[in-house]
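A short write-up of the structure that comes next.
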Amino acid sequence: MNIKQILSEKVSAAMTAAGLPEGTNPAVSLSNRPNFGDYQANGVMGAAKKLKTNPRELATKVVENLDLTGIASKVELAGPGFINIHLDENWLAAQLNTVAQDANIGVTQRGTVAGDDVKTVVVDYSAPNLAKEMHVGHLRSTIIGDAVVRALEFRGDTVIRQNHMGDWGTQFGMLIAHLSDKLASDEVAETALADLENFYREAKVRFDEEEGFADRARADVVKLQSGDEACAKLWQQFIDISISHSEEIYEKLNVSLKRSDIMGESAYNDDLNNVIDELMAKEIAVEDQGAKVVFIDEMANKDGEPSVFIVQKSGGGFLYATTDLSACRYRSGKLAADRIVIFTDARQALHFKQVEIVARKAGFLPENVGYQHCPFGMMMGDDGKPFKTRTGGTIKLAELLDEAVVRAADLIKEKNPEISGTDLKVISEKVGIGAVKFADLSKNRTSDYIFNWKTMLSFEGATAPYLQYAYSRIQSIFSKAGTVDSNAVISIVEPQEKALALKLLQLEDTVDAVISECTPNLLCNYLYELASLYMSFYEACPILKEGISDEVKASRLALCQVIANTLKQGLDILGIEVMDRM
């Protein structure tokens, strides 16, 4: 159910009938003030300017041809040519009653409407380096990517997750050499790698300081890349145990990534020489000082000097550039992607722009395949600097999440001292993890944001606890009511009911915006506004109070059910769990 789309189609037809060119944008949008109606159509203004005609006269013709019988209770002109649309309460109620019986809460599934085909979308997100444990810097890519993936799947698209883990490169020679020595000392691999950070640190110290170790490490890299079985076996042990660390984080975060979604850098190794050969054969890359380089004229600086994109080092080694070009070919060809979406921090924006230009020139990325790099800002501490420990070290993501659960437990015990240990554990995990995720997801993706425990765990304002509480409050009403008639007819009488109906019918529009722009904050805003409208409704429209007729009670309970379903589904897209009581 998409009111905006319905109105846009109606206004477009009226514009054509009024003599405007077909395809003129009706510019339908939500009204920001109730006295201007529920929706506004502002397209006449721009069209009149192009046609050099009076916008008010043109808008009058459009309104004369606008058939919103049964949909709008009033259509009026305002100012120089704005069209204000007041929706009919009975029509809204009819749409809402349809949504109430729909498992997808009114969100149309791809492939069920002409022109809205199912797309195959490849999404690259999380992508930790397997040489180290996941830290706070991996949070945004992981949870923003997962929210967009869930939104795509909810809409009905085919999604292929790609966890482009760093599992290759020179540092693995160092790690393999260190692990080899540990195993030679009768240590077990699982024990040796229990603390990845410490293991990496030990190996790095040896690499920098121990005589002969660096040479062994470099030799092990060559062996690994040449397919040496012993090195490959050690490498695989390291990879398996490292992945297990990541899987624990994904489970804590309620993220949908699985081991089968991993497509590490090593997966493209056999194709890298082919990538270079094709770039050279097509004269896209040239040899320069022994290296293979693409000079990108499209990204030339103000002096006309092209952007330099190295695809192979002078010594024959490959780079992220080579791997990402191979990934483009694999995803558009083997995976048949209609769209490729990649989540990394903003510092890699230049790199991915270069990748796209070169991949399209080489034919690795056909023009009909969308390619979208989605950069994000950084998590900052109260001092406005990247979030770190007090000693300046990197904060492990596992430790941050554990602290969130502990803080949530303290807060819940304070509010409910009688809560049982089992309930406390379950609720505090949902509240703590949800709080961290919502605090991040609710911020504009491209902006940096300040990490603040007090704000994110508050039961007031745009927070996960506030939304989880709104959901549990509705469940409490259902518990007191005893039974809820899922087939009851919803009526819209009070202004609070109309406001809720309008908001509930905007879910599809919101999900589509999240999918298009990869901006989960739009869904966070939507859910917060819905919960706030529910709280206003709860105060103004009694449900179980004595004197309320059975018909009104049934209608309001049914309305509450749609609200609860929408909150639960919306939070599920964000990867945040709800509970019946808190």
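Quantities reported herein were computed from a predicted structural model and do not represent experimental measurements.
Partner of His164 under the ring-ring contact (aromatic ring centres under 6.0 Å, His included) criterion, chosen from Phe352, Tyr330, Phe343, Tyr268: Tyr268. Here the options are Ile243, Ile241, Ile249, the test is side chain to side chain contact (heavy atoms under 4.5 Å, CB included), and the partner is His245; only Ile241 passes. Of the candidates Glu367, Glu356, Glu298, Glu298 is the only one forming a salt bridge (Lys or Arg N to Asp or Glu O under 4.0 Å) with Lys361. In summary, of the residues considered (Leu130, Thr323, Leu224, Val221), a side chain to side chain contact (heavy atoms under 4.5 Å, CB included) with Trp168 occurs for Leu224 alone.
Using modelled atom types, no side-chain atom of Ser180 and backbone atom of Ile176 make a donor-acceptor pair closer than 3.5 Å. Within the 3.5 Å criterion, the main-chain N or O of Asp572 finds a donor-acceptor partner in the side chain of Arg150. For the pair Lys437 (side chain) and Leu253 (backbone), a donor-acceptor distance under 3.5 Å is present. In this structure, the side chain of Asn254 engages the main chain of Gly575 through a donor-acceptor pair within 3.5 Å. Distance alone, capped at 3.5 Å, is enough to place a donor-acceptor pair between the Thr112 side chain and the Gln109 backbone. Asp297 places no side-chain N or O within donor-acceptor distance of the main-chain N or O of Pro306, the cut-off being under 3.5 Å. With hydrogens and angles ignored, the 3.5 Å screen pairs no side-chain donor or acceptor of Asp157 with any backbone N or O of Val159. Side-chain atoms of Thr322 come within 3.5 Å of backbone N or O of Val311 as a donor-acceptor pair. Counting only distance, with no hydrogens or angles, the side chain of Lys443 and the backbone of Ala439 share a donor-acceptor pair below 3.5 Å. Although no hydrogens or angles enter the test, the distance criterion places a donor-acceptor pair under 3.5 Å between the side chain of Ser141 and the main chain of Ser126.
Under the rule for a ring pair (Phe, Tyr, Trp, His ring centres under 6.0 Å), Phe154 has no partner lying at least two apart in sequence or in another chain. When the ring pair (Phe, Tyr, Trp, His ring centres under 6.0 Å) test is applied to His138, the partners found at least two apart in sequence or on another chain are His135.
The distance from atom CG of Asp277 to atom NZ of Lys292, rounded to the nearest 0.5 Å, is 8.5 Å. Note that OG1 of Thr446 and CG of Asn521 are 8.5 Å apart. Values are rounded to the nearest 0.5 Å.
The pair Arg140-Asp440 counts as a salt bridge, with a side-chain nitrogen and a carboxylate oxygen less than 4.0 angstrom apart. Taking 4.0 Å as the cut-off between side-chain N and carboxylate O, Arg329 and Asp324 do not count as a salt-bridged pair. Ion pair Glu197/Lys396 not flagged as a salt bridge, since none of the NZ, NE, NH1 or NH2 atoms sits closer than 4.0 Å to an Asp/Glu carboxylate oxygen. Of the charged side-chain nitrogens involved, none lies within less than 4.0 Å of a carboxylate oxygen, so that Arg407 and Asp410 do not count as a salt-bridged pair. Under the 4.0 Å criterion applied to side-chain N and carboxylate O atoms, Lys204 and Asp208 are assigned as salt-bridge partners. Ion pairing between a basic and an acidic side chain is recognised when a charged N comes within 4.0 Å of a carboxylate O; Arg110 and Asp116 show such pairing.
With a 6.0 Å radius and a threshold of 12 heavy atoms from other residues, nucleotides or ligands, Asp186 has its CG atom at or below the threshold. At most 12 heavy atoms of other shown residues, nucleotides or ligands fall within 6.0 angstrom of atom NZ in Lys353. Applying the 6.0 Å contact sphere to CD1 of Ile310 captures no more than 12 heavy atoms from other residues, nucleotides or ligands. The neighbour count for Lys430 NZ, taken as heavy atoms of other residues, nucleotides or ligands under 6.0 Å away, is above 12. Residue Lys252 places its NZ atom among more than 12 non-hydrogen atoms of other residues, nucleotides or ligands, all under 6.0 Å distant. The environment of NZ in Lys282 is crowded: more than 12 heavy-atom neighbours from other residues, nucleotides or ligands sit within 6.0 Å.
Closest heavy-atom contact between Asn452 and Thr455: OD1-N, 2.8 Å.
Defined by atom type and a distance below 3.5 Å, a donor-acceptor pair is present between the side-chain atoms of Tyr125 and Asp146. If you check the side chains of Asn198 and Glu202, you find a donor sitting under 3.5 Å from an acceptor. Side-chain N/O atoms of Tyr250 and Asn163 include a donor and acceptor closer than 3.5 Å. Judged purely by distance below 3.5 Å, without hydrogens or angles, the side chains of Asp240 and Gln236 pair a donor atom with an acceptor atom. Of the N and O atoms on the side chains of Thr108 and Glu508, at least one donor lies less than 3.5 Å from an acceptor on the other residue.
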Worked check of side chain to side chain donor-acceptor pair (under 3.5 Å) between Ser307 and Gln354
CA-CA 8 Å; Ser307 177; Gln354 291 172 321; 2.7 Å; yes
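Between Trp235 and Phe172, the ring planes lie perpendicular to each other; the angle is over 60°, past the 30° to 60° tilted range.
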